[in-house]
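Just so it is clear, the structure is predicted and the values come from calculations on it, not from any experiment.
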Amino acid sequence: MGYAKSHLLSRLEELHINFSMYNHPIVLTVEDQANHVGHLKGALSKNLFLMDKTQRYYVVSALAETKIDLKVLSQRLGLGKGESIRMAPEETLTEILQVPLGCVTPFALINESAKHVTLLLDQAFKNQECCFFHPLSNDSSISLKACDLDKFLISIGKTPAYVDLGANHIVGKDQSPDLATLVPSDMSTMFQPLENKDHLNLLTITPTPNQQQMKQSNPVALYPFKKLTACDSISDDAFKERFDDIARYGDDHLICVIEDTNSGKVVATGSIFIEKKFIRNCGKVGHVEDVVVGSGARGKQLGRKIIEFLCDRGREMGCYKPRSFGPLLPWGHHRFPFEKLSLLLVSFREVAVSTLVSDSPTTLSDICSFAASSLTLSHWIRIPRCCETVISEMAEECSAKMSVEDTSADQVNGSSASNDAVAKFDELSLDQTGDAVKKKKKKNKSQKKKELPKQTDPPSIPVSELFLSGEFPEGEILEYKDDNLWRTTSEEKRELERLEKPVYNSVRQAAEVHRQVRAYIKRILKPGMLMTDLCETLEDTVRKLISENGLQAGIAFPTGCSLNWVAAHWTPNGGDNTVLQYDDVMKLDFGTHIDGHIVDCAFTVAFNPMFDPLLEASREATNTGIKEAGIDVRLCDVGAAIQEVMESYEVVINGKVFQVKSIRNLNGHSIGPYQIHAGKSVPIVKGGEQTKMEEGEFYAIETFGSTGKGFVREDLECSHYMKNFDVGHVSLRLPRAKQLLATINKNFSTLAFCRRYLDRLGETKYLMALKNLCDAGIVQPYPPLCDVKGSYVSQFEHTILLRPTCKEVVSRGDDY
């Protein structure tokens, strides 16, 4: 077990180190941490756990604003060009630093398992009065001075190494790697073939164990088994008890391990169980099982050493009829002590294991295919035809049913594949001539392969049931350009994206709902539809597909269906009888959300083809805005590009030519959780604010093209309302206003709503109370925005996400 937070704090107090601790909710990124301690005195730190190609590990600790290019760092350390250093796998984070994801910190080097980890500290820490770090847990932060951090590191045997991590040091013929001296020269690659490494020790757990062997085996012996199956931590007493139980088997149960004497860890293990038989004059059969190699040691032939050792021991124990097993194993010929049918059963298991611990194919389908093809090589043993059929069928089944993405999952599933093999062969019996005959087994006709559900027409199946994996499709991916091109290959930025994956997935689910709903609405749209019926059909479909659940999932704002010169914020109130006409230009703007993560997307519908140039103008202007948007891009520059494209279009309406104008007082906007307008505006004309877009932000890029003046004003009856995001407690005198506010808080919070939504909730006679809430500044009304009467306005809009490595248009679909 590694150090806990309480142990670390006690250690700091013993060293008389002054620090301040602040508790907060669990955070995974520096940005989240800043929300809780950013207002306090002290600098925030970011900490990376890295690994090079020779399995040497590094903790890099730097100020949050320091930019770290891993390619440059690799060259400065003398590790070569390219991706010689990268983010260490999550499994090694828990094995070596012994902290969970999001808790990397210099304090983790206190653990014995991290004694060989190299620590690089940002020299900018020296200029700070104090700095924040996680104390082995990301539910709190402690601040301390750099000199006190040095004191702690020296106490655990680490010499603090401060370097300029943001420097772009050029390594070449005349410039040597400036950080190469920080890579320990005496730290050889840990995992090499056994015969070439005297610090790798092959031990056996014998029937008469000594205390030293037990110490070496508990609990570090357990961690490789986590790659093979479920293996929880156990107490020392439980380990000793099971150890004694195994020892009682005597020579019939042997476990061997390969130990790295530098780290004291077991890096590979396997066992052989001797089964005593009545046949063959009370002979013996050896079963090799649980062969597994740790994640950092694969491809180094350690699995081969384990299997060779166990097979030799099986022969020494007198297991009968050793047979050639050469065709099955990629490293050569060996002899395994198994009888005919047992050999056939266990050999499949050994092929799976041997494939995983060698450099051979590592996916489960490859293992099955390799095993099936190998087991049909009858020059080493006669295999009945029915056995070949069963093996082939099983391989096809495994390949079709399972998709394994990493090696660790391969080993877990590889074990279950072996069990499937045994289950299949249990259906075989030997007749008197020695041939295998397949037992007859009735097929259960009711057990049919389930097909993935398909969306109905009209749509009614929630999208969560259409994507059973829980992973929803990405939007359109666009690479950054110019100064941000480095982000595409940055390992640090990829790690940040992995931490934000749950948020991205929520937004993508909302976007998929939006795509399916708008595709359905486009199919049923036609002149003569009542606008109220159109909106209610759309909103009911959203509620079904998103599995509406209070404030956790649902509609983000009222359906805007503004007509002609009305640019935005119009939806029919109760009793409105407006009908959609053939010559209308309708802006259909609706939003969806999951856990407050909003997708805001809009398009324009016009049945009369003479409006096509008007629609094309705003569509292309929106695409231009998306193209120009990016991290560190000024908002005014995006607006200038949009206006240039928009006003290059003309449209002929009833024989009269109109230039399409950008509406100068309408903008795109940033989006926050439960906040449709999060503070930043994206203009659609040149000029405007110099504010820059930032990493991790969501934006609604929307453009409005008009044949009128290009300027809107508030007009017509109000239908849209929204509770102010930053409003505090306001005293209300009217009991009805208090009651209505409670309804708004429960059902909408700070999401926009309309009067139809209040009608749907059963609210009546609420207009006076609603006006009272507006007058008190609690609720903000959003009346329709109109250009000059008789003009036409078009709109297109997409939601984009400025990911650390790329730009994602989350609402993009096949339609626009």
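Not counting sequence neighbours, the partners of Lys41 by the side chain to side chain contact (heavy atoms under 4.5 Å, CB included) test are Glu129. A search for ring pair (Phe, Tyr, Trp, His ring centres under 6.0 Å) contacts involving Tyr766 returns nothing, not counting sequence neighbours. Applying the side-chain hydrogen bond (donor to acceptor under 3.5 Å, both in side chains) rule to Gln675 yields no partners; only residues at least two apart in sequence or on another chain are considered. Among residues two or more places apart in sequence or in another chain, the ring pair (Phe, Tyr, Trp, His ring centres under 6.0 Å) test is passed with Tyr504 by none. Remark: Ser670 engages no residue in a side-chain hydrogen bond (donor to acceptor under 3.5 Å, both in side chains) (not counting sequence neighbours). In this structure, the ring pair (Phe, Tyr, Trp, His ring centres under 6.0 Å) partners of Phe590, at least two apart in sequence or on a different chain, are His514. Judged as a ring pair (Phe, Tyr, Trp, His ring centres under 6.0 Å), and not counting sequence neighbours, the contacts of Tyr22 are Phe132. Every residue two or more places apart in sequence or in another chain that forms a side chain to side chain contact (heavy atoms under 4.5 Å, CB included) with Pro89 is listed here: Met51, Glu91, Thr92. Taking the side chain to side chain contact (heavy atoms under 4.5 Å, CB included) definition, one finds that Pro683 meets it with Leu635, Asn667, sequence neighbours left out. By the side chain to side chain contact (heavy atoms under 4.5 Å, CB included) test, Asn23 pairs with Lys5, Met21, Ser140, sequence neighbours left out.
Using a 4.5 Å heavy-atom threshold, the side chains of Thr604 and Met586 count as separate. Inter-residue side-chain proximity for Asn724 and Ile778 is flagged as unmet; no heavy-atom pair is nearer than 4.5 Å. With a 4.5 Å cut-off on side-chain heavy atoms, Lys46 and Val60 do not count as touching. For the pair Cys636/Lys686, no side-chain contact is recorded, criterion being any heavy-atom separation below 4.5 Å from C-beta on. You'll find the side chain of His798 reaches within 4.5 Å of the side chain of Tyr816, heavy atoms only. With a 4.5 Å cut-off on side-chain heavy atoms, Ile598 and Val507 do not count as touching.
Listed by first then second residue, pairs satisfying ring-ring contact (aromatic ring centres under 6.0 Å, His included) with a partner in residues 667-696 read His593-Tyr674, His669-His677, not counting sequence neighbours.
More than 12 heavy-atom neighbours from other residues, nucleotides or ligands sit within 6.0 angstrom of CG on Asn127. The neighbour count for Lys746 NZ, taken as heavy atoms of other residues, nucleotides or ligands under 6.0 Å away, does not exceed 12. More than 12 non-hydrogen atoms from other residues, nucleotides or ligands lie less than 6.0 angstrom from NZ of Lys493. More than 12 non-hydrogen atoms from other residues, nucleotides or ligands lie less than 6.0 angstrom from CD of Gln739. Annotation: Glu476, atom CD; neighbour count of heavy atoms from other residues, nucleotides and ligands within 6.0 Å is above 12.
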List the atom pairs, with distances to 0.1 Å, where a side-chain N or O of residues 546-559 and a protein N or O form a donor-acceptor pair under 3.5 Å, not counting sequence neighbours.
residue	atom	partner	partner atom	Å
Asn549	ND2	Gln552	OE1	3.0
Thr559	OG1	Glu539	OE2	2.9

Report task. Run the numbers on Glu697 and Tyr699 for side chain to side chain donor-acceptor pair (under 3.5 Å), then give the verdict. Result -> CA-CA 7 Å; Glu697 289 182 324; Tyr699 281 92; 2.6 Å; yes

Query raised in the report: How far apart are the C-alpha atoms of Arg755 and Glu717, what are their side-chain angles, what is the distance that settles it, and do they pass the salt bridge (Lys or Arg N to Asp or Glu O under 4.0 Å) test?
Result: CA-CA 11 Å; Arg755 284 157 56 175; Glu717 183 181 36; 3.4 Å; yes

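Under the 3.5 Å distance criterion, with hydrogens and angles disregarded, a donor-acceptor pair is assigned to the side chains of Ser141 and Gln33.
The residues Glu479 and Lys807 are annotated as not salt-bridged, no charged nitrogen and carboxylate oxygen being separated by less than 4.0 angstrom. Contact check on Glu497 versus Arg494 returns no salt bridge, with no Lys/Arg side-chain nitrogen under 4.0 Å from an Asp/Glu carboxylate oxygen. Using a 4.0 Å cut-off between a side-chain N of Lys or Arg and a carboxylate O of Asp or Glu, Arg543 and Asp540 qualify as a salt bridge. Between Arg487 and Glu695 there is a salt bridge, since a side-chain N of the basic residue sits under 4.0 Å from a carboxylate O of the acidic one. In summary, Arg86 and Glu495 do not engage in a salt bridge, as defined by a charged side-chain N under 4.0 Å from a carboxylate O.
Annotation: the span from Glu31 atom CD to Glu500 atom CD amounts to 7.5 Å, rounded to 0.5 Å.
Taking the ring centroids of Phe603 and Phe796, they lie at or beyond the 6.0 Å cut-off.
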